[in-house]
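Residue numbers begin at 1 in each chain, while the letters A, B, ... track the order of the sequences. Below, all heavy atoms of this structure are taken into account, side chains as well, without hydrogens, waters or symmetry copies.
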Amino acid sequence: MITSLLHDHILSLIIFAPLVGMALIMLTPRKYEEASREIALVTTLGVLGLTVWLVMLYDQFNPSGFSFVETAPWISALHVNYTVGIDGVSLLLIALTALLAPLCVLVSWNDIKGRRKEFMGLLLATEVGLIGAFCAMDLFLFYIFWEIMLIPMYFLVGIWGGANRVKAAMKLLIYTLFGSLLMLVAIMYLYGAAGSTFDLPSLYKVSLDPKVQIWLFSAFALAFAIKVPLFPFHTWLPDAHTEAPTAGSVLLAGVFLKVGTYGFYRIAMPLFPDAVVYFHTTFMVLSVIGIVAGALVSLVQPDIKRVIAYSSVSHLGFVMMGLFAMNPEGVEGAVIQMINHGISTGALFLLFGMIYERTHTRQMADYGGIARVVPLLTVCFIITSLSSLGMPGLNNFVGEFLTLMGTFKVSIPLASIAATGVIFAAGYLLWLIERVFFGPITRDFNRGLTDMRLREWVTVAPLLVLMVVLGVYPSLAMRYIKPSVASFIAMTSASHVSTIDVGSEQSEIKEMVTWAK
Amino acid sequence: MGEIATIQWGMLWSAGAPILIMVATALAVVLVDLLPLTNRQPLVLIALLGLVLAGWTSWGYVQGGVMPVTAALLHVDALAWFGMAMLAGIAILTTLTASPYLSDFELPEAELLALFLMAVSSMMLMMATTNLLTLFVGLEGMSLASYVMAAYRRRHVQSIEAGLKYFVLGSVASAFIVFGTAFCYGASGSLDMVEIGRMATMGGDAAWLYLLIGTSMLLVGFGFKISLFPFHFWAPDVYEGAPLPVTQFFATGVKLVVFVVLFRFCSSLLIVWGSKWEQVAMILGIATMTVGNLAALAQHNVKRMLAFSSVAHVGYAMVALILVPRMGAGALPSLMFYIGGYAVMTCGAFAVLSAMSRGGHERTDISDFSGLGMRHPLVSALFTLFLLSLAGIPPTLGFFTKYFLFSAAVKQGMVGLIVVAVVNSVVSVGYYVRPVVEMYFKMPVKGTTPAVMVDASVEVAMPVRLVLAITAIGVIVGGVFASYLIDMVSALVV
């Protein structure tokens, strides 16, 4: 009976399990505050365990459409239902979140000394919002979870962040709220126009006048573009990522941004196919600008965290580019890139968090030659950086290659410009490594650094393993994505994106693609 | 005049029971005060008892589906009873907040409670009538009591300033209302709102002109009471100067009542404006919310900020009145839900301010909140909750009230208006979040924080705790279980 209960309501359990942890943490007396870390760890590991079980269950289904759907009426007067369900893409994103959450708890183990209870509680609250957003099949519910994940993150950045945290947190809050409130107006309008329903599958079937679609899409796209972030709506990100505490940065870069791209994938694009056609070129161009500009700005940053932050802008540009390419390669590449970016950049922030715990400085000028002192950490960092810049054999290569290929089919010039982003990525990451890890030791303080401890190994090891595994055998993840992407393309296929006939090269590319899949 | 003989006095007494209960309670308070009592707690208890009784009676009438009673210049219907019940609830919260305040600040309880209860009874009268003159009687009862309550801290110059300002400007507003009533009567020969509304279509051009002037003046007068732009300039100073519980009542109870009255106007009198009402209300509403929000951004005093926030919320609530021409009584549920939810949140916010103001000093400057998150975590968390709810962030009650109202408007096609309202909501986050930043993101400033609050063992008074608990539960539960509340207010439209 327990198994059937779990089976039927597994998604709700996964979404709301962190609340149990939160309640326990709130009840812990202030004297035993350290226990909140253990409670949070156990809770997030529990969520991870449930997610692993979910993945195994999902394997047996392998359907298209949504599975594990639960629906219950919530506010009948507004026709809002609590409807959750997943398909392959949401499944992977939930897995990513569930994986990163315990790692965030682990990395904050000693890092956060003040008000641990609140920190862990807010971390768990963010997890609720994030996983809920990926599961929601009711548009109103999605909106609620979208807002729920913002407020705890605001507090995480504003209380435990760096020196400039107040401004960074305000920027994050106001900028995101601006987009999401305009999205709310679009949701209200859509509700009326679609016959008083918020149910996503029903909304997919509604066809609206193209002019209306363009306005609605603009509102949704603004909210999601701010989150992704798409150039030129990215200005909140560097401050927020830099000033956030390590766990905050990991969740921000690893998962938060993906909710934006997921929003495009699940909501904005399938609901308004004519608008996608209308805005196609705009978004492709903006994505490419984001890729190149993000990379170039990354090159000149003196603050390590800011380098990684701008690199996120650059990498998410690949995702957006792939999504709007609207062919199987592009979209599959975009989705796998979402996962891979979460893993790599999450690992980058985790590793840098470990360094920061020891040195308490983010400026590259304060580093140099620490490879001699912390060789193991250096190795991990280098592997992660190579993964992030897209070296073949590691995970990001798959996503970047597929998105570039998808874009190449649509527009050769754009793909070529975007490809330079890979070169610049190598530029800023390798240069970062050189300045931080190699060369002579410039600061005496750095001579006394300790290498990785067991807790830190446990934190990065899963991610390192995934980087290699997903690089060598990406179909492990791709097979979940394929059915979902196929229906995405079908729904958005008022698309008329022309493929450029590249003749015989196409068969070679097809072979490479088959390998990647 | 021969109607008096045929009035069913029995039905009238029972229909108007809440009003009479309030008057009786006020008199009881004054009488009991004459007794030699050691402390004044019994007075508060009497007041609470009376309010609970009145609220319970009116709620019973709403639930029981009692038929409206129209007699002797009263018109007591489901809307009136619902309003009375809500008002009683707000008054209970205010009395609870006022009780420790009065003893801390060494102010006499009896007079304030008596004035307050008389004000409440007048306000209930205002909601239970469609006759302009009865309305005026109720209005003056409310206003005169309010003027005195605003000046209640006799030795505090700002309080006196508040009372005087309110009195002078309020009297001007009352004059507008009387004059407007005169014009309406002259044009239609009746003092009843519904009758006058009918004359708008039936009378000639001259009648229509006089009605227009009359109703405009009424709008000016009542707009003053709810601090609608451009009649809101008195609000910040009066709200800031008046004692905290009194401000709490101004911001919640008075607005509730006047909005009910305005709703009645919209359905009857303002027919004379025809299609112009929508445009005028839209301009007023947008101006009010914008001015309220922009001014609130510049405030350092949290009490003043809440005053301007109250102005902004009036702007949002105007959206409901804008919808009346198109939706008729269908606009009522969203209006009542909005005002009710807003009242709960604001009572909670003011209760927090009261909790901070022990020992005879009102601590309402933003710097008084510095580092409060560390010293009083629960109070800070609740204040954050109320502020987020006022800003309209899910899953609090404030979000659902805004959503219900705005989605009704979007359904009627007023997308532009809602975009403006929504942008205003984003702007409002800027100032709602400032106390949160001060409480949590900044360390306590040594040397400037008053000694009373640095000592974390200073207790929050029991009645205030009760108010905090009730409003916090209301904000959280009302959000997640908004369904019940919405169904409850929707039943009003029957």
Proximal component of [X], with respect to chain B [non-hydrogen, under 4.5 Å]:
| X | value |
| --- | --- |
| A:Leu150 | neither |
| A:Trp74 | both |
| A:Ala169 | side chain |
| A:Ser196 | side chain |
| A:Leu78 | side chain |
| A:Phe145 | neither |

Check each atom of B:Tyr484 against the heavy atoms of chain A and say whether the ones under 4.5 Å are side chain, backbone, both or neither.
neither
Would you please indicate yes or no on a ring centroid separation below 6.0 angstrom for [Y] and [X]?
| X | Y | result |
| --- | --- | --- |
| B:Phe383 | B:Phe369 | yes |
| B:Phe337 | B:Tyr403 | no |
| A:Tyr191 | A:Phe198 | yes |

Measure from the side-chain N and O atoms of B:Thr288 to the backbone N and O of B:Gly315, and report whether any donor-acceptor pair falls under 3.5 Å.
no
For the side chain of A:Lys305 and the backbone of A:Ala244, is there at least one donor-acceptor N/O pair under 3.5 Å apart?
yes
Looking at chain B, which one of A:Gly158, A:Ser180, A:Gly192 has the largest number of heavy-atom pairs inside 4.5 Å, strictly under?
A:Gly158
State, to 0.1 Å, how close B:Val436 and B:Thr384 come at their nearest heavy-atom pair, and which atoms those are.
CG2-CG2, 3.8 Å
With respect to chain A, which residue among B:Val410, B:Leu388, B:Ile393 yields the maximal number of heavy-atom pairs within a distance under 4.5 Å?
B:Val410
Check: B:Asn293/B:Asn424 side-chain N/O donor and acceptor closer than 3.5 Å
yes
